[in-house]
Amino acid sequence: MKVTIKDLTKRFASRDKTGETVTAVDTLSAEFESGKLIALLGPSGCGKSTMLNMLSGILPVTSGKIYFDDKDVTELSPDKREVGLVFQNYALYPHMTVLENICFPLKIKKVRKEERIAKAVEIAKMVHIEDYLKRLPKELSGGQQQRVAIARALVKQPKLLLLDEPLSNLDAKLRIEMREEIRRIQRESGVTTVFVTHDQEEATSISDYILLMKLGVMQQFSATRDIYNNPANLFVADFIGNPTINQIHGVYVNGGIKPDGSDEIIPCSIKANENDRVVLAVRPESVLFEGGQTTGTVNDMYSSGKDWLVNFNIGDTELRGYCDADYNVQEGSVIKVGFRDKGQFLFNEETGERY
Ligand SMILES: Nc1ncnc2c1ncn2[C@@H]1O[C@H](COP(=O)(O)OP(=O)(O)O)[C@@H](O)[C@H]1O
Ligand SMILES: [Mg+2]
């Protein structure tokens, strides 16, 4: 099922004495293709849960429209929307077995007993929990509990699956394992899925599309493989990628950037207006330690697991780049660096807009 959002807005009355309303989601429009996994990404408080809750119908919209395929569901109650929901805290029924938990939504819908058991077992197999059907939730690990929660959301065969930070309670290793599992389950079930996370690496590894938000406003909505290489603005460039993108603040002069605290000009093929305050942003893997013309001073060279990174300064700016393990520099070494065109972006310092 395709989901279309048109100028969706949610305002809350303030929780404090200021009396100002909070615009949690601000005139957001997007279209989620059928059968895809969309990551709703952004820092805490940017409006992700609010968006998800409007899609599920739990939260009424302030203005705007939501369409499931061509049907306007903006005013439709949650139980009529055919959505499956999974939250961070698994919210399983503690006194029910795994099987009873998964069956429960079908029981509510008055599906016959044999049929609901057959369906629950089928879904339990899909999420690899079939060996634990007789256990209680407390007898399961966090990852297993989350599998049960996903099974319970899928058993009604929802047209839309909504997951709100489903992996946040799991430890790092399990989180990576479970995100691959969610990817597999989503592919197998083919259900259009919206996955909320504040973790850019999680979003990137799991999704077909990323919708990145800041303070209720959509910053970019594009295919996951494009967002890293084609950020719409400085916020996006900074939010996506680990280690984070290098940012050189300076002035655009003579077809290049004069970084703050340096007299050199870094040549740049991207055009801005003379004397604009700009930010040249460069991915760490786009820093070249051979054949460059800009002078840098090394602070440190260190390993981050399989890779080696050099931490160095150009003028006042501290930067990081990948190097070979045998690159022979130490603190204080003066080096010449350059930047690859790919992975290099120019932004207006004031607006964050990309040139
Ligand atoms: N029920 C509410 N009443 C008032 N403000 C709220 C309410 N729910 C959320 N907000 C505010 O709306 C903004 C977005 O919240 P939320 O959607 O929960 O963000 P996220 O899920 O991205 O962390 C925040 O500023 C939050 O404080
Ligand atoms: Mg949230």
Side-chain angles (χ1 to χ4, degrees), residues 1-12 22-69 71-91 105 146 149-150 152-154 156 158-170 178-179 182-183 185-186 189 191-200 202-204 206-221 224 239:
M1 184 185 73
K2 179 181 83 177
V3 177
T4 308
I5 302 162
K6 189 88 183 54
D7 296 328
L8 200 61
T9 299
K10 181 69 192 182
R11 277 188 282 273
F12 291 109
V22 179
T23 306
V25 174
D26 196 351
T27 49
L28 201 150
S29 298
E31 194 175 296
F32 303 156
E33 242 177 273
S34 180
K36 300 293 182 192
L37 200 160
I38 294 95
L40 211 54
L41 175 68
S44 175
C46 74
K48 304 180 295 295
S49 295
T50 303
M51 258 279 279
L52 210 72
N53 293 340
M54 287 193 285
L55 288 173
S56 74
I58 296 173
L59 200 62
V61 313
T62 302
S63 60
K65 295 278 181 202
I66 302 167
Y67 299 91
F68 288 177
D69 283 332
K71 188 179 171 203
D72 183 349
V73 298
T74 316
E75 306 294 330
L76 204 64
S77 64
D79 55 310
K80 297 207 175 69
R81 288 202 191 185
E82 298 181 75
V83 299
L85 271 172
V86 179
F87 297 104
Q88 177 179 341
N89 48 350
Y90 327 112
Q146 201 53 303
I150 293 167
R152 195 178 55 180
L154 284 175
K156 284 186 293 182
K159 293 191 174 146
L160 178 64
L161 181 62
L162 303 173
L163 307 158
D164 196 346
E165 313 238 9
L167 308 179
S168 299
N169 281 352
L170 307 179
M178 275 306 287
R179 75 188 185 205
I182 288 179
R183 186 67 185 138
I185 294 163
Q186 192 274 332
S189 66
V191 60
T192 311
T193 300
V194 181
F195 180 100
V196 165
T197 178
H198 62 269
D199 179 342
Q200 60 90 25
E202 194 168 280
T204 307
I206 204 171
S207 65
D208 298 304
Y209 292 88
I210 290 181
L211 194 166
L212 180 52
M213 295 171 74
K214 176 192 170 191
L215 293 171
V217 180
M218 185 165 89
Q219 302 294 305
Q220 186 161 359
F221 178 43
T224 301
F239 200 84

Participant: Is there a side-chain contact between Val3 and Ile38, using heavy atoms and a 4.5 Å cut-off?
Facilitator: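 No, their side chains stay 4.5 Å or more apart.
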Participant: Are any of the side-chain heavy atoms of Leu211 and Met218 separated by less than 4.5 Å?
Facilitator: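 Heavy-atom side-chain distance check passes, below 4.5 Å.
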Participant: Could you report the tightest heavy-atom contact between Val191 and Pro158, atom names first, then the distance?
Facilitator: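 So the two residues come closest at CG2-O, 3.3 Å.
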Participant: More than 12 heavy atoms of other residues, nucleotides or ligands under 6.0 Å from CG of Leu215: is that the case?
Facilitator: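 Open.
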Participant: Between Phe221 and Tyr209, what is the ring plane arrangement, given parallel below 30°, perpendicular above 60°, and tilted in between?
Facilitator: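 The arrangement is tilted - the two ring planes meet at 30° to 60°.
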Participant: Can you name the residues that form a side-chain contact (heavy atoms from CB on, under 4.5 Å) with Ser77, not counting sequence neighbours?
Facilitator: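 Testing Ser77 for side-chain contact (heavy atoms from CB on, under 4.5 Å), a comparison that skips the adjacent residues, returns Asp79, Lys80.
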Participant: Just to verify, what does Arg81 make a side chain to side chain donor-acceptor pair (under 3.5 Å) with, not counting sequence neighbours?
Facilitator: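 Partners of Arg81 under the side chain to side chain donor-acceptor pair (under 3.5 Å) test: none.
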Participant: With rounding to the nearest 0.5 Å, note down the distance linking CG in Asp26 to CE in Met213.
Facilitator: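 It comes to 9.0 Å.
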Participant: Are Phe32 and Leu55 side-chain neighbours, meaning at least one heavy-atom pair lies under 4.5 Å?
Facilitator: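 In contact.
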Participant: Mind checking whether Val86 and Gln146 have side chains closer than 4.5 Å, heavy atoms only?
Facilitator: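 Side chain of Val86 against side chain of Gln146, heavy atoms only: contact under 4.5 Å found.
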Participant: Quick one: side chain to side chain donor-acceptor pair (under 3.5 Å) pairs with a partner in residues 50-62, sequence neighbours left out?
Facilitator: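 Not a single pair qualifies under side chain to side chain donor-acceptor pair (under 3.5 Å).
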Participant: Could you tell me if Thr27 and Asp7 have a donor-acceptor pair between their side chains, going purely by distance under 3.5 Å?
Facilitator: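 Note: Asp7 and Thr27 side chains miss the donor-acceptor criterion.
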Participant: Side chains of Phe195 and Leu167: does their closest heavy-atom pair fall under 4.5 Å?
Facilitator: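 SC-SC contact between Phe195 and Leu167 confirmed.
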